[in-house]
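Computed from heavy atoms alone, side chains included, the values below leave out hydrogens, waters and symmetry copies. If you read the sequence from its start, that first residue is 1, and numbering goes on from there.
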Amino acid sequence: MAKRVGVYPGTFDPITLGHMDIIKRGARLVDELIIGVTTNIAKSPMFNDDERIAMVEREVAGLADATIRVVGFNSLLMDFADAMDASVVIRGIRGVTDFEYEYQLTGMNRQLNDHVETVFLMADVSLQPIASRLVKEIAVYGGNIDKFVSPAVRDDVIARIAKK
């Protein structure tokens, strides 16, 4: 039986507890989970590509019983999935707005490559409101982000804000 490879793409700027929930649960669905760290041209990241890759690697390093790789990419998701020999793309959904966007994106991706299935995982109820964009905004204004990110990521965000 062929190894089932899944890709979980995102900017992870920064990686949140919501992302970690999807990573842990997604890793149980595939033999190998590749976390694809990309730059979204519509966003201006707080951390550069190498910093985000290192941050994600650090956060997933402690996950037992999972084969996870972190890979940077700057291409169409379906091209990246092909390059990784992935048959599944895993996407996290927080609510209706996410679903509408992801539904459209999945339809476009199916037109590009109908050999890759997309699996939606609903975020844990306690983690649904977490968004990297909001975490950064809260931190910029001096708010407490402890409920949304790991202590190490919190320290990274605070240090970055202090630099600016």
Side-chain angles (χ1 to χ4, degrees), residues 1-136 148-150 153:
M1 189 162 143
K3 180 167 97 170
R4 180 170 293 171
V5 177
V7 170
Y8 177 42
T11 53
F12 305 103
D13 185 50
I15 187 168
T16 68
L17 298 179
H19 292 129
M20 290 300 296
D21 175 57
I22 299 299
I23 289 167
K24 290 173 190 171
R25 292 169 46 218
R28 293 192 307 248
L29 301 177
V30 294
D31 300 311
E32 179 181 23
L33 180 62
I34 298 170
I35 303 170
V37 179
T38 188
T39 299
N40 183 333
I41 58 174
K43 299 178 182 179
S44 54
M46 176 178 274
F47 299 96
N48 69 37
D49 293 353
D50 292 337
E51 290 169 329
R52 288 181 288 112
I53 290 167
M55 187 184 298
V56 173
E57 287 175 334
R58 180 189 67 213
E59 295 299 305
V60 301
L63 297 180
D65 300 327
T67 302
I68 298 174
R69 279 194 296 148
V70 180
V71 178
F73 78 102
N74 192 12
S75 65
L76 290 172
L77 175 56
M78 291 296 103
D79 291 342
F80 178 66
D82 271 345
M84 297 293 109
D85 292 324
S87 59
V88 176
V89 170
I90 295 172
R91 300 296 291 172
I93 304 268
R94 292 172 296 196
V96 174
T97 304
D98 282 352
F99 178 78
E100 289 176 4
Y101 171 76
E102 294 295 341
Y103 180 81
Q104 182 179 22
L105 188 62
T106 298
M108 293 297 289
N109 284 338
R110 293 275 307 160
Q111 296 296 315
L112 295 172
N113 184 341
D114 64 357
H115 294 96
V116 177
E117 292 294 338
T118 299
V119 174
F120 297 127
L121 294 178
M122 293 299 299
D124 183 272
V125 172
S126 66
L127 303 173
Q128 284 179 0
I130 301 174
S132 294
R133 174 183 52 82
L134 297 175
V135 168
K136 291 184 286 192
F148 313 122
V149 296
S150 73
V153 171

Under the salt bridge (Lys or Arg N to Asp or Glu O under 4.0 Å) test, which residues partner Glu57, sequence neighbours left out? none
Which value, rounded to the nearest 0.5 Å, describes the distance between Ile53 atom CD1 and Ile15 atom CD1? 12.0 Å
Apply side chain to side chain contact (heavy atoms under 4.5 Å, CB included) to Leu134 and Phe148, showing your working. CA-CA 10 Å; Leu134 297 175; Phe148 313 122; over 6 Å; no
With side chains defined as the heavy atoms from C-beta onward, is the minimum distance between Arg110 and Glu117 less than 4.5 Å? yes
Side-chain atoms of residues 28-37: list all donor-acceptor pairs with protein atoms under 3.5 Å, sequence neighbours left out, distances to 0.1 Å.
residue: Asp31; atom: OD2; partner: Arg4; partner atom: N; Å: 2.6
residue: Glu32; atom: OE1; partner: Lys3; partner atom: NZ; Å: 3.0
residue: Glu32; atom: OE2; partner: Arg69; partner atom: NE; Å: 2.6

Could you please spell out the steps behind the side chain to side chain contact (heavy atoms under 4.5 Å, CB included) verdict for Leu105 and Glu102? CA-CA 5 Å; Leu105 188 62; Glu102 294 295 341; 3.8 Å; yes
What's the separation between atom CD in Glu100 and atom CD1 in Ile93, rounded to the nearest 0.5 Å? 10.5 Å
Ignoring hydrogens, what is the shortest heavy-atom contact between Phe120 and Tyr103? Give both atom names and the distance. CZ-N, 4.4 Å
Do Met20 and Val60 come close enough that some side-chain heavy atom pair is under 4.5 Å? yes
Is the shortest heavy-atom distance from the side chain of Arg94 to the side chain of Ile130 under 4.5 Å? no
Take Asp13 and Lys136, measure what salt bridge (Lys or Arg N to Asp or Glu O under 4.0 Å) needs, and give me the verdict at the end. CA-CA 8 Å; Asp13 185 50; Lys136 291 184 286 192; 2.8 Å; yes
Below 4.5 Å, heavy atoms only, C-beta onward: do Val116 and Val7 meet side chain to side chain? no
When rounded to the nearest 0.5 angstrom, what is the spacing between CD1 in Ile68 and CG in Leu63? 4.5 Å
Quick one: do the Thr39 and Arg52 side chains pair a donor with an acceptor below 3.5 Å? yes
Using residues 71-90 as the side-chain source, report each donor-acceptor pair under 3.5 Å to any protein atom, sequence neighbours left out, with the distance given to one decimal.
residue: Asp82; atom: OD1; partner: Asn113; partner atom: ND2; Å: 2.9
residue: Asp82; atom: OD2; partner: Asn113; partner atom: ND2; Å: 3.2

Separation between OG1 (Thr118) and CZ (Arg91), nearest 0.5 Å, reads 8.5 Å
Give the ring-plane orientation class for Tyr8 versus Phe12, where under 30° counts as parallel, over 60° as perpendicular and anything between as tilted. perpendicular
Within the structure provided, determine whether His19 and Thr16 are in side-chain contact (heavy-atom separation under 4.5 Å). yes
